[in-house]
A.B. asks: 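Structure below; questions to follow.
Just so we're on the same page: letters track the sequence lines, and every chain starts at 1. Everything numeric in this text was worked out from a predicted model, so none of it was measured.
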There are 2 protein chains.
Amino acid sequence: MTLGAVSVTIPPRRALVDDVYDALLSLLMDQEIAPGARLSIDGVARQLDVSPTPVREALTRLEAEGLVLREARKGYTAAELLDAEGLDQLYELRILLEPRAARLATARLDAAARGELAAQLRGMRQAAASDGAEAGFRNYRDFAERDAAFHHTIARASGNPLLADAITRLRSHVHLYRLYFQHGIADDTADEHAAILTALEAGDADAAELAMRTHLETSRARLVPRADEAAE
Amino acid sequence: MTLGAVSVTIPPRRALVDDVYDALLSLLMDQEIAPGARLSIDGVARQLDVSPTPVREALTRLEAEGLVLREARKGYTAAELLDAEGLDQLYELRILLEPRAARLATARLDAAARGELAAQLRGMRQAAASDGAEAGFRNYRDFAERDAAFHHTIARASGNPLLADAITRLRSHVHLYRLYFQHGIADDTADEHAAILTALEAGDADAAELAMRTHLETSRARLVPRADEAAE
DNA sequence: TCTAGCTATTTCCTATAGGATCTACGAACA
DNA sequence: TGTTCGTAGATCCTATAGGAAATAGCTAGA
C-alpha cells in the first residue's frame with residue numbers, strides 16, 4: 001500500500017518531560033510559582049509526583065527560554081517579572097522582528113493559515129466579551145493565549161523558521177500575562193489584530209508590516225508607563 | 001568585614017552537564033559528529049565516559065539552540081548544514097538584529113568592552129595571517145570564534161539582554177564554521193570589523209549601524225551564492 | 001515475489017540511590 | 001557584641017537499573 005501526500009499528521013510523541021514542562025509553565029503563568037521563587041528540583045518532582053530526572057530536563061528547557069534561572073549547584077529560580085525597562089526592551093525586539101514577519105507572511109499566506117488567524121481572532125473577541133467579573137483572570141489568560149497563537153501563526157507563515165523561532169522564544173504572552181496577573185496591566189487589542197488580518201488578506205505587504213508595527217507600538221505606549229507606575 | 005564594589009568576580013560553578021555541552025558543541029563544529037547523524041544518548045555517554053543523565057540535559061540545551069533535533073522516543077540527530085536558503089535566512093535575521101545592537105552599543109560602550117573588541121580584532125588578524133597550509137581548519141576555527149566574540153560583545157553592550165540573547169542564540173559562527181568545514185566556504189572580514197570598531201569608538205551611532213549592516217550584507221552576498229554552488 | 005506478523009535487540013525513558021556541595025544554625029572565642 | 005568555626009540538614013548532581021517503546025530482521029503464508 002502506498003499513499004500519496006496526505007494532510008493528516010500524527011501528533012508528535014510525548015514524554016513525561018513534555019508534561020512537566022507544560023505544568024511548570026502553567027504554574028509560572030498563574031504565579032502559583034511566584035516570580036523570583038526558588039524551584040527545588042526534588043520539590044517540584046514530589047509536587048508533580050514524578051522523579052527528578054524529567055524535572056531537570058524541563059527546567060533546562062525553561063532556562064533556555066529565560067523563564068527560570070539556573071545557578072550550578074545552587075538551583076533554579078523563577079524569572080522575575082519584567083519591569084518597565086524590561087518590558088520596553090521586549091517590545092523593542094518584537095518591533096524589530098514581527099513587522100518583518102508580517103511583511104514576509106503576506107506573500108506566503110495559505111488558506112489554512114488564513115483560517116487559523118480568523119479563528120484566533122474570533123477567540124480573542126470571545127474571551128474579551130465574556131469578561132464577566134471574577135472570571136477575569138481565566139478569560140484574560142485565554143485571550144493572551146489566542147493573542148500568542150495569532151502572532152505565532154504569522155511568524156511561522158513568514159517562511160523563515162529562524163525568524164519564527166526568535167519570535168516564539170520570546171514568550172511574550174507569558175511575560176505579559178504575568179504582569180496582568182500581578183498588576184492588572186492588560187490590553188484589549190482585538191481590533192488591531194483585525195487590521196493586521198485585513199492587510200494580510202488583501203495581500204498588501206506594506207500595510208501588513210505597518211499594521212503590525214502600529215499594533216506593537218501602541219501596546220508599548222499603553223503598557224510601559226503602567227508598568228512604571230506599578231513599580232512606583 | 002565589608003567590601004566595597006569589587007571588580008573581580010568568581011567564575012560560575014560548573015557541573016558535568018556544562019562540560020558535556022562544550023564537548024558536544026566542539027564535536028558538532030568539527031563534524032566529528034556529522035550533520036544529520038544520529039546521536040544516541042547512551043552512545044554519547046559511553047564515548048564521553050559519563051552517565052546518560054548529564055548527556056540528556058546537554059542535548060536538551062543544544063536542542064533549544066537548534067543544533068540538534070529531538071524526536072520523543074526516537075532520539076536526537078545533529079542539525080543539517082544550512083543550505084543556501086537557510087544561510088540567507090540566517091543573514092536576514094542577523095541584519096535585522098545586529099545593526100540595531102551596534103547602534104545601541106555606541107552610546108553605552110565602556111572602556112572594558114572597547115578593550116575586548118580591540119583584542120578580538122587583533123585575534124582575528126592573527127588567525128587570518130597565520131593561515132599557513134593545513135593549519136587552515138584550526139586557524140579558521142580560531143578566527144570564527146573571535147568573530148563570534150566580537151559580535152557578542154557588541155550585542156551585550158547594546159544594553160538590551162533580550163536582544164543580546166537573540167543574537168547569541170543564533171549560533172551564527174557554529175553554522176558558518178560547519179559550512180567552511182564542509183565546503184571551504186570562508187570569509188576574511190577583519191577589515192569590515194575594524195570599520196565597525198572605528199565607528200563605535202567615534203561614538204557615531206549611524207555609522208556603527210551602517211558599518212554592521214554593510215558587513216553583514218557583504219558577507220551574505222559573498223557566502224550565499226557559494227553555498228548555492230556547493231549544493232549544485 | 002510480496003505482505004503480514006512475530007521475535008529480538010537496541011535505545012529511550014523514568015525512577016532510585018548515594019556522593020558532593022551548599023546553606024543555615026549555633027556554640028565558642030575574642 | 002561581633003566574628004569564626006564546626007556541624008547538621010537540605011539540595012543538587014551523577015550513576016545505575018529496569019520497564020517501555022521503537023526498529024530491524026526473520027519466518028511463514030498468499
A.B. asks: What protein N or O atoms touch nucleotides 6-10 of chain C N or O atoms at under 3.5 angstrom, if any, and at what distances?
C.D. replies:
none

A.B. asks: CD of B:Gln47 versus P of C:dT11: gap in Å, rounded?
C.D. replies: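 Rounded to whole Å, this separation is 13 Å.
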A.B. asks: Can you sort out the partners of B:Asp142 under side chain to side chain donor-acceptor pair (under 3.5 Å), two or more places apart, ordered by chain and number?
C.D. replies: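 So B:Asp142 forms no side chain to side chain donor-acceptor pair (under 3.5 Å) with any residue.
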A.B. asks: With the sugar-phosphate defined as primed atoms, P, OP1 and OP2, and the base as all remaining atoms, what B/S/- string results for nucleotides 6-17 of chain D, 5' to 3', for protein heavy atoms under 4.0 Å?
C.D. replies: -----SBBBBB-
A.B. asks: Show me the donor-acceptor pairs within less than 3.5 Å that the side chains of residues 96-113 of chain A make with the rest of the protein, sequence neighbours left out.
C.D. replies:
residue	atom	partner	partner atom	Å
A:Glu98	OE1	A:His151	ND1	2.6
A:Glu98	OE2	A:Arg94	NE	2.8
A:Glu98	OE2	A:Arg94	NH2	3.2
A:Arg100	NH1	B:Glu92	OE2	3.2
A:Arg103	NE	A:Glu209	OE1	2.3
A:Arg103	NH2	A:Asp206	OD1	2.4
A:Arg103	NH2	A:Glu209	OE1	2.8
A:Thr106	OG1	A:Ala102	O	2.9
A:Thr106	OG1	A:Arg103	O	3.1
A:Asp110	OD1	A:Ala112	N	3.4
A:Asp110	OD1	A:Ala113	N	2.8

A.B. asks: For residues 116-124 of chain B, dump all side-chain donor-acceptor pairs below 3.5 Å to protein atoms at least two apart in sequence or in another chain.
C.D. replies:
residue	atom	partner	partner atom	Å
B:Glu116	OE1	B:Thr153	OG1	3.4
B:Gln120	OE1	B:Thr153	OG1	3.3
B:Gln120	NE2	B:Thr153	OG1	3.2

A.B. asks: Test of understanding: with ring pair (Phe, Tyr, Trp, His ring centres under 6.0 Å), list the residues that count as partners of B:Phe143, not counting sequence neighbours.
C.D. replies: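 In terms of ring pair (Phe, Tyr, Trp, His ring centres under 6.0 Å), with neighbours along the sequence ignored, B:Phe143 is linked to B:Tyr140.
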A.B. asks: Please round to 10 degrees the angle between the axis of the first five pairs and the axis of the last five pairs in the helix from C:dT1-D:dA30 to C:dA30-D:dT1.
C.D. replies: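 For the helix from C:dT1-D:dA30 to C:dA30-D:dT1, the axes at opposite ends meet at about 10°.
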A.B. asks: Which heavy-atom pair separates B:Pro54 from B:Leu16 by the least distance, and what is that distance?
C.D. replies: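 Taking every non-hydrogen atom into account, CG-CD2, 4.2 Å.
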A.B. asks: Report all side-chain donor-acceptor pairs from residues 67-87 of chain B shorter than 3.5 Å, counting only partners two or more places apart or in another chain.
C.D. replies:
residue	atom	partner	partner atom	Å
B:Arg70	NH1	A:Asp18	OD1	3.4
B:Asp83	OD1	B:Glu85	N	3.3
B:Asp83	OD1	B:Gly86	N	2.7

A.B. asks: Partners of A:Arg14 by side chain to side chain donor-acceptor pair (under 3.5 Å), sequence neighbours excluded?
C.D. replies: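 Counting only residues at least two positions away or on another chain, A:Arg14 forms a side chain to side chain donor-acceptor pair (under 3.5 Å) with A:Asp19, A:Asp22.
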A.B. asks: How would you list, by chain and number, every residue that makes a ring pair (Phe, Tyr, Trp, His ring centres under 6.0 Å) with A:Phe150, sequence neighbours excluded?
C.D. replies: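 With sequence neighbours excluded, A:Phe150 shows a ring pair (Phe, Tyr, Trp, His ring centres under 6.0 Å) to A:His193, given in chain and number order.
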A.B. asks: Considering only residues two or more places apart or on different chains, which pairs with a residue in residues 26-49 of chain B satisfy salt bridge (charged side-chain N to carboxylate O under 4.0 Å, His left out)?
C.D. replies: B:Asp30-B:Arg141
A.B. asks: Let me check something: any side-chain donor-acceptor pairs from residues 165-172 of chain A under 3.5 Å, sequence neighbours excluded? List them with distances.
C.D. replies:
residue	atom	partner	partner atom	Å
A:Thr168	OG1	A:Ala164	O	2.8
A:Arg169	NH1	B:Ala64	O	2.6
A:Arg169	NH2	B:Ala64	O	3.4
A:Arg171	NE	A:Glu65	OE1	3.1
A:Arg171	NH1	A:Thr168	O	3.3
A:Arg171	NH2	A:Tyr21	OH	3.2
A:Arg171	NH2	A:Glu65	OE2	3.2

